[in-house]
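In what follows, every chain begins at residue 1, and chains take the letters A, B, ... in the order their sequences are listed. Keep in mind that this is a model prediction, so the values were computed, not measured.
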Amino acid sequence: MTRHFFSIRVAVFSLVLGFISVALAEEKPVATGSPLAVVRVNGTTQAYDFFRPWGKKPAASKRALGAILPGNKVLVTAEMVANQSYIELEKAGSGEKVAAKLLAVDYEANLALLAPEDPKFLEPLSSLTIAGQVKTGDRLDVWQLENSGTLVATSGLVTSCEVGRYALEDYGYLLFKITAALQYRENSYTVPIVHDGKLAGLLLRFDPRSQTVESISLPVIQHFLKAAADTPYRGFPRAGIQFEPTRDPQLRRFLKLPPDAGGIYLSNIDANTAAAQAGLQKGDVVLSVDDQEIDPDGNYTHPVFGKISINHLISTEHYVGDAIKIKYSRNGEIKETTATASDRPPQSYVIEPYVYDRAPKFLLLGGFLFQELSRQYLREWGTNWQKDAPIKFVYFDRYQSEIFPSDRGRIVFISHILSAPSTIGYDQLSYLIVEKVNDHVIKSIADLDEALKTPIDGFHKIEVSDDPKVLYVDAHTVEADTTALSKQYGIPLTSRLKE
Amino acid sequence: MISRLIPLLLGVLFFHTTRAQPGVSQAQEIRKSLVRITCTEQDVDYKVPWNPGAVGGGVGAGFVIEGNRILTNAHVVSNNRFLTVERQGDPKKYVAYVKYIAHDCDLAVLDVENPDFFKGSSPLPLGGIPEIETVVSAYGFPIGGDLMSVTRGIVSRIDFQPYTHSGIDSHLAIQIDAAVNPGNSGGPVMQGGKVVGVAFQGYSGDQAQNVAYMIPTPVVKRFLKDIEDGRYDKYVDLSINYFKLVNPAQRAALKLPDDDRGIVVTSVAAAGSSAGILQPGDILLSLDNVPIASDGFVELDNDRIEMTEIVERKFKGDTVVFQLLRNGQPVTAKVKLKSAWPYSMQANSYDTPPRYVLFAGLLFQPINRDFMAAVAIDDLRTRYYYNFYITEELYTAHPDLVVLSSILPDPVNTYLGQFQGDIVDSVNGKPIKVLDDLASALAENRDTYIIQFLGGGRPAVLERSVVEAARKRILDRYNVAKEQNLANPPAR
């Protein structure tokens, strides 16, 4: 197994240096008559090693520029705080530092809210109010700090507002695309973007070749801040649907849709989601949401942003608990229903789409390392994980709502086999999915731990979905084997049943 | 351990040679029976399946065997359009043709119409398996030389090896340390005046030096026996997966004595010989009364060799008898052997033009190994279905994995691009198991064709009036010679 380290996708700042000459022309120092409304954020992150789940990877430090908000809070990207071991705030001018605590984080929307441990720390500084509105054609300023603490603003034009991918593969929200020439500065993990001195976005990524900044958009920030006021934090509603366009005239005639109307074809509905509970079915064509007509590509007309994806209306304009009115066509018959907006935490998936700040569960039995399958584990294969990781796992991850429509629980699998007396003859096996242990169905590492308490005739019977189908381990000797192995391989911990 | 091994080594087939160089002729008896084969071949074009493919050629070797026949490698004469054979000392080129070809063991028998060709030749006798560490001589026309070349080497290993020509079969092979090169393919490897093997594959220089393989005489004799009835029936297979029983806890839990005997059946292919006879969990103790060791090996001809070799020497319709333990009870099981057709999907195919159906500019093709090599399919589901076709028995629902492989753009299909690379599940509600099902569903006289792909996305809808209006336009614009080829479906 090739060893790769996962690194969070960040702005491509390392390439920016070549563009300094261009960048300088558009930069201007910001007059600092009033105290700064930004603060440096220093973080030390240390991710768990999903290939060796008893340990963590090397620590890495990150520097960001947080936006100070009213109420003693600092807004940064979630990438900045993922797997954090320690976070501190640092005043740009004085270098004064204080430890920070995390108030709320949303990895899907890539936003996090921090507060200083000492509430007086931010008092001498000012705060950023939230901008009123941003639209295509507006000029925004990207704020960066010089080493000296001087605030530098790079001005850029908003060229489009559209729904696009955020930091994680499956999550898309409204993005502002801004043409601006940035130069590299060390606080690259979060850079505030302002409109008339008010917070309008946070930098998500920058492409130096096209000089395009993609910014977390204002409505997404507003949604996050509003949701973060509630405890527990419940993020952005998710519709739980997959849809396809209905541009094809032959398809439209088949679906008995009028030629000039809109609508999206529901190709899949996740179980236990708002859409499923509202009675929507695969094959329905959704015509409008909240009386907003949907065009055949899945866009509606937003009063400020123009045509944007319906995802924005459902996920960002709505909050968890809202009623969403849906008009749809089923076999040519027009129907209406109401869905209750709900969020979908990563733990509700069979294969979790991301695992941050939580330790992977595992259990070492003799030389067998058992783990729960998550995409975080698959990401250990590196940026090309979708091609390089075991194809069966990638397939299960991608199509999990189709393959596991009901309560499958977690997929427990043997991720690695350490050579040991208990694994003689088993050492060539790899990535076996565990179905049952000692006749108990296994849906989690905790299930496994429980099942191991009742060996059959002195043996643990491990049933796996692939060949060789059944493995046996001597229940009397395996504990000693595990202890010996943990010494031999220097493994500090032989199981973690809880996160 | 599985009974058919997916090849692990990337062999080089010793066939194509284009460069001529002067050779040194030595008066040797073998010269009279050695044959130089020149093959003009034509590839198939999976991307544009109605097109004839590129023409190429090469030189290989063969030798005369009894009955005025020539034995050579299948890969020397695969996809041939024109074959000539020559013997040293006779300036004439004779036209030859393939009489029998066995892609699964890389052997072929050629006939020559003009009996003059064989005048003065004497059929080479077949010997047995040479001893390890003994010297053998390989004859052929390496690097395209017109004259015979001889190299000597030492027999260094006798074991199962993947046969690169089919890409999926493994049979007995003999490893020799000898300089064997392209152009040696099909040539005899001799010891004591007898043929002990047919040179056929090796490694490229960056993988291993001076390691070559020959097909041993048990494989050759099996091929010649198989074709005695005028037909080649292919290798037969148990079509099971088995697992070695060497783990002490596993043996104890299965209540097996500590006698290093027995293997456990882990899966039985529904399309194979053992279906309904062997069961997962059966512990196989002996095969045709030969004890099976816990690592799956048997003692045969004073050698330890994989159990599979017993089956390898049998023919379609033969039976093997297992003594086994099922739920602790002794059971005798008789398996009547046949070939396992699903494996052919993951094997290289030769001598058959691609099957396809073109409809409304949509090109539908069944997946096989050559198709996957020629057409880059990125679709995760399709790659999964190809990779797990055998192990997950996906062939039961879809003996052909019919994919929409490419689209000839036209207004009729302009909104269907998303389906490229997807596997067809049904047409008008009828399941598509093989390509012929698709062809007949699309030939039905109806107003609308509803094509559903695996995964349950939206259907592709095609209206007959629109399709008919586009038909000639597409054929003309894209120079399509023929809208479908359903000939030569694989045996199932």
message: Please classify the contact of Ser422(A) with chain B as side chain, backbone, both or neither, using a heavy-atom distance under 4.5 Å.
response: backbone
task: Side chain from CB out, backbone as N, CA, C, O: work out which of these in Thr423(A) comes under 4.5 Å of a heavy atom of chain B, or both, or neither.
output: backbone
query: On the ring face of Tyr395(A), is Arg381(B) found with NZ or CZ under 6.0 Å from the centre and within 45° of the axis?
result: no
Aromatic plane relationship, Tyr426(A) with Phe243(B) - under 30° parallel, 30 to 60° tilted, over 60° perpendicular: parallel
field: Heavy-atom proximity to chain A below 4.5 Å, by part of Ala460(B)
entry: neither
Interface residues of residues 247-256 of chain A facing chain B - heavy atom cut-off under 4.5 Å: Arg247(A), Asp248(A), Pro249(A), Gln250(A), Leu251(A), Arg253(A), Phe254(A)
message: Checking Phe453(B) now: which residues fulfil ring pair (Phe, Tyr, Trp, His ring centres under 6.0 Å) with it, not counting sequence neighbours?
response: Phe419(B)
query: If every non-hydrogen atom of Lys387(A) is compared with every non-hydrogen atom of Asp378(B), which pair is closest and at what distance?
result: NZ-OD1, 3.3 Å
Spatial distance of atom CD1 (Ile391(A)) from atom CZ (Arg383(B)) [nearest 0.5 Å]: 4.5 Å
task: Decide side chain to side chain contact (heavy atoms under 4.5 Å, CB included) for Lys392(A) and Glu392(B); before the verdict, give the C-alpha distance in whole Å, the side-chain angles of both, and the deciding distance to 0.1 Å.
output: CA-CA 11 Å; Lys392(A) 190 175 233 175; Glu392(B) 300 281 316; 2.8 Å; yes
query: Heavy-atom distance under 4.5 Å to chain B: side chain of Gln386(A), backbone, both or neither?
result: backbone
message: Quick check on Val394(A) against chain B: is it the side chain, the backbone, both or neither that has a heavy atom closer than 4.5 Å?
response: both
message: Quick check on Asp457(A) against chain B: is it the side chain, the backbone, both or neither that has a heavy atom closer than 4.5 Å?
response: side chain
Asp474(A) side chain to Ala249(B) backbone, donor-acceptor under 3.5 Å: no
